[in-house]
There are 2 protein chains.
Amino acid sequence: MPRWKPDAVDRLQDAALELFAEQGFERTTVAEIAKRAELTQRSFFNHFADKREVLFGMSAKLQEEVVREVEEADDAGPPLDTVVRAFGVVADKLLEQRRDVVARRYAVIAANPELLERELGKNAALTDAIADALRRRGCEPGAAFLAAGAAMLAQQAAFRTWTRPGETRTLRDLLPAAAEDLRTTVGAS
Amino acid sequence: MPRWKPDAVDRLQDAALELFAEQGFERTTVAEIAKRAELTQRSFFNHFADKREVLFGMSAKLQEEVVREVEEADDAGPPLDTVVRAFGVVADKLLEQRRDVVARRYAVIAANPELLERELGKNAALTDAIADALRRRGCEPGAAFLAAGAAMLAQQAAFRTWTRPGETRTLRDLLPAAAEDLRTTVGAS
DNA sequence: TACGGTGATTGCACAAGCTGAAATCACTTC
DNA sequence: GAAGTGATTTCAGCTTGTGCAATCACCGTA
């Protein structure tokens with residue numbers, strides 16, 4: 001008989017997503033989440049820095065994978081396309097299979113300003129990490145910042161389409177179209 | 001003899017900026033800010049929704065002005081240029097004159113993740129407001145989103161340059177160059 | 001001058017988020 | 001089988017943020 005039930009982190013994440021979806025982020029207390037996961041409030045804060053962070057367990061791995069894909073890319077085209085392709089690969093590997101969980105998670109986040117801010121923070125960190133990876137590939141610093149930001153823009157546009165009800169195309173397929181839309185909108189130089 | 005010292009909001013903002021710069025955001029309590037402003041903690045929360053908000057008094061007016069400039073613009077060029085020009089006008093009106101205060105404020109924000117998240121939230125709200133303004137001008141919804149996001153990207157690039165020590169050019173002059181850099185980096189369509 | 005309404009401020013009580021420190025105890029290692 | 005490890009718990013405490021009632025100079029009006 002093990003001393004503790006296994007997978008405490010997973011239990012906390014599942015409990016939190018359920019409760020947030022049921023009754024909203026603000027009306028859910030950390031004590032409540034911990035109780036449903038059969039843990040104490042203190043244990044929650046041992047695993048997550050704050051109440052919001054429980055929804056963002058995925059983002060570290062996602063950033064890691066995207067950065068690796070950008071670093072290892074062997075193409076010589078525009079940096080925007082390098083990053084967009086990297087997004088596509090990682091989306092296939094991590095997101096496409098759990099479309100429903102991702103959508104539920106995003107619905108919870110979109111419904112709460114505090115969570116939205118945290119999401120923006122994660123996106124900004126990802127943008128910076130991508131820009132650094134591009135610089136390591138020899139990209140000019142300023143261009144790396146702009147290319148990473150533009151890629152995030154395309155990613156967000158594609159993601160918005162991807163999460164629309166009834167949408168069946170994969171994120172990987174939607175991404176190049178979003179990048180092309182961005183090029184058209186920004187205009188030729 | 002007036003019942004209360006005037007300009008409570010300004011006093012709170014000044015006290016907060018000073019204390020955050022002196023000892024950091026996290027090591028400063030709201031009670032401390034209120035005390036320096038000769039008010040109580042309760043009064044602080046009468047004026048600001050939370051501790052971070054005290055640094056963002058400017059953003060509502062800034063958004064309002066940018067949106068108005070975009071709506072009233074009478075040019076027919078690409079939406080990106082419309083927004084960038086609007087940024088330039090508003091920057092001249094609100095930012096250029098207080099370069100030092102803006103820089104100190106941004107240094108405090110950049111030093112703290114929580115404040116950075118709030119800043120990102122304000123930027124996202126501004127992006128959405130600009131996109132809406134563009135749609136009101138007849139822009140396609142998707143293109144409006146991308147153009148607004150691209151304009152924010154250029155704005156951030158220009159702002160980074162503008163706040164570098166020794167930089168003397170105005171934000172208004174830096175903005176078109178940043179937009180051109182973006183066009184070059186993203187590539188022709 | 002009197003009088004009632006307005007509104008910025010305050011005090012108080014309290015929920016909830018978050019933290020440091022010390023204790024517990026199954027499991028692992030030597 | 002002794003000692004160490006580490007996830008968990010308990011507890012006490014601080015800070016953020018809110019609801020509510022009270023204060024009282026100021027303002028308009030009679």
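Quick note on labels: first sequence line is chain A, next is B, and so on, each numbered from 1.
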Calculate the interatomic distance between [X] atom [atom1] and [N] atom [atom2]; express it in whole Å.
{"X": "A/N46", "N": "D/dA7", "atom1": "CG", "atom2": "P", "value": "9 Å"}
{"X": "B/F48", "N": "D/dT16", "atom1": "CZ", "atom2": "C1'", "value": "16 Å"}
{"X": "A/L39", "N": "D/dT10", "atom1": "CG", "atom2": "C1'", "value": "14 Å"}
{"X": "A/R42", "N": "D/dA7", "atom1": "CZ", "atom2": "P", "value": "13 Å"}
{"X": "A/R52", "N": "D/dT16", "atom1": "CZ", "atom2": "C1'", "value": "12 Å"}
{"X": "A/F45", "N": "D/dC11", "atom1": "CZ", "atom2": "C1'", "value": "16 Å"}
{"X": "A/K5", "N": "C/dA26", "atom1": "NZ", "atom2": "P", "value": "18 Å"}
{"X": "B/F44", "N": "C/dG11", "atom1": "CZ", "atom2": "C1'", "value": "18 Å"}

If you define the side chain from C-beta out and look only at heavy atoms, does anything of B/K61 sit under 4.5 Å from B/K93?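 B/K61 does not reach B/K93 side chain to side chain.
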
What residues from residues 16-36 of chain A pass a heavy-atom cutoff of under 4.0 Å to DNA chain C?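 Close to the strand are A/T28, A/T29, A/V30.
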
Can you list, in residue-number order, the parts of residues 116-124 of chain A that come under 4.0 Å of DNA chain C, counting heavy atoms only?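 Residues of residues 116-124 of chain A under 4.0 Å from DNA chain C: none.
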
How many angstroms lie between atom CD of B/E180 and atom CG of B/L175, to the nearest 0.5 angstrom?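 Between B/E180 CD and B/L175 CG, I get 13.0 Å after rounding to 0.5 Å.
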
Hey, what do you get for CZ (B/R164) to OG1 (B/T161), rounding to the nearest 0.5 Å?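 Going from CZ on B/R164 over to OG1 on B/T161, the span is 4.5 Å.
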
With sequence neighbours excluded, residues passing side chain to side chain contact (heavy atoms under 4.5 Å, CB included) with B/E22: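 Expected list: B/E18, B/L19, B/R36.
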
Residues two or more places apart in sequence or in another chain: which of them pass side chain to side chain contact (heavy atoms under 4.5 Å, CB included) with B/R172?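 So B/R172 forms a side chain to side chain contact (heavy atoms under 4.5 Å, CB included) with B/V89, B/D92, B/T170.
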
Under 4.0 angstrom, heavy atoms only, what part of the nucleic acid is A/D50 near: base, sugar-phosphate, or nothing?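 Sugar-phosphate, no base atom in range.
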
Contact class for A/S43 (heavy atom, under 4.0 Å): base, sugar-phosphate, or nothing?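 Base contact - A/S43 has a heavy atom under 4.0 Å of at least one base atom.
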
Given the ring of [Y], does [X] sit roughly above its face, with NZ or CZ under 6.0 Å from the centre of the six-membered ring and within 45° of the axis?
{"X": "B/K51", "Y": "B/F45", "value": "no"}
{"X": "A/R105", "Y": "A/F56", "value": "yes"}
{"X": "B/R160", "Y": "A/F145", "value": "yes"}

Would you call B/R99 and B/E96 a salt bridge, taking side-chain N to carboxylate O under 4.0 Å as the test?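 The answer is yes: the pair qualifies as a salt bridge.
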
Do any N or O atoms of the protein come closer than 3.5 Å to N or O atoms of nucleotides 5-8 of chain C, and which pairs are they?
from, atom 1, to, atom 2, distance (Å)
C/dG7, N2, B/R3, NH1, 3.0

Mind checking what makes ring-ring contact (aromatic ring centres under 6.0 Å, His included) contact with B/F48, not counting sequence neighbours?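 For B/F48 the ring-ring contact (aromatic ring centres under 6.0 Å, His included) partners, ignoring immediate neighbours, are B/F44.
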
If you draw a 6.0 Å radius around CD in B/E167, do more than 12 non-hydrogen atoms from other residues or ligands fall strictly inside?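 For B/E167, atom CD is crowded (more than 12 foreign heavy atoms under 6.0 Å).
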
